[in-house]
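Single-structure report; data block below.
Atoms considered below: every heavy atom in the structure, side chains included; atoms not considered: hydrogens, waters and symmetry mates. Just so it is clear, the model here is predicted, and its values are computed rather than measured.
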Amino acid sequence: AGGAQPFVVGSVAMVANGEVYDYREHRETLQAAGHTFNSDSDCEVLVHLYMEYGENFLEKVKVSAMFAMALYDARNDIFVVARDHIGIIPVHWGKGPEGTVWVASELKCLASGDDHGAMMDAPENIAQFPPGSFYSSNSGLKVYYNPPWYTAMPTGEFDEFKLRKAMFDAVESHLMSDVPYGVLLSGGLDSSLIAATAQHVLSRVKERPGQHIPRNLITFTIGFEDSEDIKLAREAATFIGSDHHEFFVTPSEVIDALRSAVYHLESFDPGLIRPGLMQMLMAKRIKELGLKVVLSGEGADEIFAGYPHYKNIDNPTDLHAECVGMTKVLHRQECARANKSMMAHSVELRVPFLDRNFLDAAFSFDTLKKMPLMSHGEGKTMEKWVLRRAGAIHPQLLPNSVLWRVKDGFSTGVGNTYTSVLNGFFEEKVLDQDVQSAAKRWSHCTPTTKEEFYIRSVWEEMFWKQGEASIDKMWKDGRIGMKKGEEYPWIKDPEATEAPKAKMAKIASE
């Protein structure tokens with residue numbers, strides 16, 4: 001509310017994107033210290049925190065938020081850029097003409113246009129701004145988010161009541177909004193738990209000054225007629241009593257939106273494009289209904305070992321390392337896909353499972369509890385058992401058919417028709433010899449399928465003709481083998497964390 005930008009306070013001007021969920025607490029503290037606010041915007045607290053604590057304010061004050069910000073302090077001639085703890089909000093940066101540093105929410109702002117010709121000549125200078133970090137033109141790049149569980153094995157006892165409370169607290173904080181909102185409901189465990197929790201929270205919250213409180217929670221799902229997601233989401237919505245909307249798509253819609261998905265997601269990874277395309281189509285319909293904010297379940301698979309490859313890990317130490325590693329690269333994977341696909345139609349997406357306090361709770365207990373366990377004697381390995389337990393205690397949040405549903409792959413969820421439509425399109429557009437000779441065109445991340453070839457070609461057309469150098473930089477960022485500081489060679493003495501040992505397979509398409 002009242003968040004016209006830039007925020008100007010004295011000699012400091014700031015632009016920001018995102019949401020600060022605990023802004024009221026910070027605002028009260030800052031007002032008590034003598035600060036005067038010019039708006040009701042939650043993001044304005046960031047510039048005041050800078051003025052109160054200095055350029056390293058994020059090291060001194062815990063902020064519960066998803067955000068990207070850039071400010072200039074004219075009095076001290078300092079330029080500061082910062083990003084939230086996980087990298088929920090996208091930020092790209094790079095070296096421009098005459099040693100300048102450029103920052104933008106979208107890659108395309110730095111990679112195209114006559115105004116950025118020097119950037120086009122050296123696309124290898126563009127990278128993602130690291131999550132949980134801030135950069136100051138005075139002191140360089142620093143990491144402010146480095147929780148103990150990044151390196152230390154959790155040893156606490158698992159308590160499903162504490163985990164459930166943490167989930168409720170995270171969802172409640174993310175429901176802070178002065179505009180209508182809803183929840184993306186796929187019928188899978190993660191989104192269904194978020195929706196059910198939101199419904200419980202709203203049932204006990206009668207009024208919040210300046211906040212939108214819906215009479216009933218609105219939920220959305222999308223897919224083809226043969227979609228399993230549609231059926232299970234309907235079942236979950238009926239159980240929790242939400243105002244549920246089902247969106248059906250057609251083959252022509254999917255094909256027509258494919259190039260747009262590559263443009264908005266700024267990626268050539270099919271594992272991001274396939275789910276991102278469907279989210280874009282859903283965002284368009286949500287926007288048409290007048291909603292501007294949605295909650296979703298991203299992050300739970302990484303935190304609670306939900307992906308299939310976790311089942312191949314046979315000891316808690318390696319499992320914890322993999323959970324942490326996968327969480328640390330969310331900014332390149334699921335967060336990037338979810339945020340950019342929804343913002344293609346100006347719908348803000350929030351992810352309660354990545355709330356700072358919830359993350360601490362999720363990584364507080366012995367990782368042995370996250371190992372796949374047997375379910376009801378049926379002989380099935382059951383991923384995310386701890387999260388299911390948090391939803392199963394009284395009052396149970398979801399029907400058993402959803403709560404104890406084994407994770408499906410994306411294509412299975414939205415309908416096998418989706419896979420058939422895309423595969424048929426790629427088969428028509430790309431020749432066998434194109435794929436066979438792809439290495440001559442691209443030596444890095446060489447396409448091995450017709451889908452990869454087509455998407456890569458579209459990506460290169462939209463962003464860089466000299467795409468090889470840029471891809472080498474963009475796709476090494478955050479992957480195995482990166483050395484400390486290698487990602488940003490043009491920044492003096494970066495204090496970046498080493499790359500996690502995460503398996504960067506295309507898990508999103510499994």
*asked:* Ignoring hydrogens, what is the shortest heavy-atom contact between Ala152 and His320? Give both atom names and the distance.
replied: O-NE2, 3.3 Å

*Centre of Tyr181's six-membered ring, under 6.0 Å away, within 45 degrees of the axis: is that where NZ or CZ of Lys292 sits?*
no

*Quick one: pull up CD1 in Ile230 and CZ in Arg234 and give me the separation to the nearest 0.5 Å.*
7.0 Å

*Do NZ/NE/NH1/NH2 and the carboxylate oxygens of Glu288 and Lys284 come within less than 4.0 Å?*
yes

*asked:* Tell me if a side-chain donor or acceptor on Ser341 pairs with a main-chain N or O of Ala338 at a distance below 3.5 Å.
replied: yes

_Sub-4.5 Å side-chain heavy-atom contact between Trp404 and Met382_ = yes

*asked:* Is there a side-chain contact between Leu193 and Met167 in this structure, where contact means two heavy atoms from C-beta onward sitting under 4.5 Å apart?
replied: yes

*Got Arg388 and Glu383 here, is their nearest side-chain heavy-atom distance under 4.5 Å?*
yes

*Taking all heavy atoms of Leu281 and all of Ala257, pick out the closest pair and write down the distance.*
CD2-CB, 3.9 Å

_Ser186 and Asp229 side chains, donor-acceptor separation under 3.5 Å_ = no

_Given 3.5 Å as the limit, does a donor-acceptor pair link the side chain of Arg285 with the main chain of Phe220, or not?_
no

*Gln199 side-chain N/O to Ile240 backbone N/O, donor-acceptor pair under 3.5 Å*: yes

*Does a salt bridge link Asp360 with Arg356, judged by any charged N lying under 4.0 Å from a carboxylate O?*
no

*Relative to each other, are the rings of Tyr50 and Phe57 parallel, tilted or perpendicular (30° and 60° limits)?*
perpendicular

*Side-chain touch Arg204/Phe168, heavy atoms, less than 4.5 angstrom*: yes

*Backbone of Ile89 reached by a side-chain donor or acceptor of Asn17 within 3.5 Å*: no

*asked:* Any non-hydrogen side-chain atom of Asn357 less than 4.5 Å from a side-chain atom of Asp169?
replied: no

*Heavy-atom side-chain proximity of Met69 to Cys43 below 4.5 angstrom*: no

*Distance-only, no hydrogens or angles: does the Lys60 side chain make a donor-acceptor pair with backbone N or O of Tyr53 under 3.5 Å?*
yes

_Regarding Glu302 and Lys328, does a basic nitrogen lie under 4.0 Å from an acidic carboxylate oxygen?_
no

*Assign the ring pair Phe353 / Phe304 to parallel, tilted or perpendicular, where the plane angle (0 to 90°) is split at 30° and 60°.*
perpendicular

*Are any side-chain N or O atoms of Thr197 and backbone N or O atoms of Ile194, one a donor and one an acceptor, separated by less than 3.5 Å?*
no

*Can the positive tip of Lys370 be found less than 6.0 Å from the middle of the six-membered ring of Phe158, inside 45° of the ring normal?*
no

*asked:* Restricting to non-hydrogen atoms, name the atom on Leu163 and the atom on Ala390 that form the minimum distance, rounded to 0.1 Å.
replied: CD2-CB, 4.1 Å

*Taking the side chain as every heavy atom from C-beta outward, state whether Leu359 and His85 have any atom pair closer than 4.5 Å.*
yes

*Salt-bridge contact Glu266-Lys340 (side-chain N to carboxylate O under 4.0 Å)*: yes

_Closest heavy-atom pair and its distance - Arg259, Val458_ = NH1-CG2, 3.7 Å

*asked:* Between Asp355 and Ser64, is there a side-chain donor-acceptor contact under 3.5 Å, judged purely by atom types and distance?
replied: yes

*With ring-ring contact (aromatic ring centres under 6.0 Å, His included) as the test, would you mind laying out the steps for His92 and Phe129 before giving the verdict?*
CA-CA 5 Å; His92 299 272; Phe129 190 87; over 10 Å; no

*Ignoring hydrogens and geometry, is there a side-chain-to-backbone donor-acceptor pair from Gln5 to Ala16 under 3.5 Å?*
yes

*So, His309 and Glu322: side-chain donor and acceptor under 3.5 Å apart, yes or no?*
yes

*When you look at NZ of Lys165, are more than 12 heavy atoms from neighbouring residues, nucleotides or ligands closer to it than 6.0 Å?*
no

_Heavy-atom pair with the smallest gap, counting every atom of Val402 and Leu232_ = CG2-O, 4.0 Å

*Evaluate the side-chain proximity of Ser41 to Phe7: yes if any heavy-atom separation is below 4.5 Å, no if none is.*
yes

*Answer yes or no: is there an ion pair linking Asp190 with Lys384, defined by an N-O contact shorter than 4.0 Å?*
yes

_Would the distance check show the side chain of Tyr145 and the main-chain N or O of Leu58 forming a donor-acceptor pair, the cut-off being under 3.5 Å?_
no

*Lys62 with Asp22: basic N within carboxylate O range, under 4.0 Å*: no

*Under-4.0 Å salt bridge between Glu348 and Arg350*: yes

*asked:* Testing the 3.5 Å rule here: is there a donor-acceptor pair between the side chains of Thr449 and Glu451?
replied: no

_Tell me if a side-chain donor or acceptor on Asp42 pairs with a main-chain N or O of Val20 at a distance below 3.5 Å._
yes

*What distance do Leu289 atom CG and His245 atom NE2 have between them, rounded to the nearest 0.5 Å?*
5.5 Å

*Examine distances only and state if a side-chain atom of Asp84 and a backbone atom of Phe67 form a donor-acceptor pair shorter than 3.5 Å.*
yes

_Tyr263 six-ring face occupied by Lys108 cation (under 6.0 Å, within 45°)_ = yes

*Does atom CZ of Phe247 have more than 12 heavy-atom neighbours from other groups under 6.0 Å away?*
yes

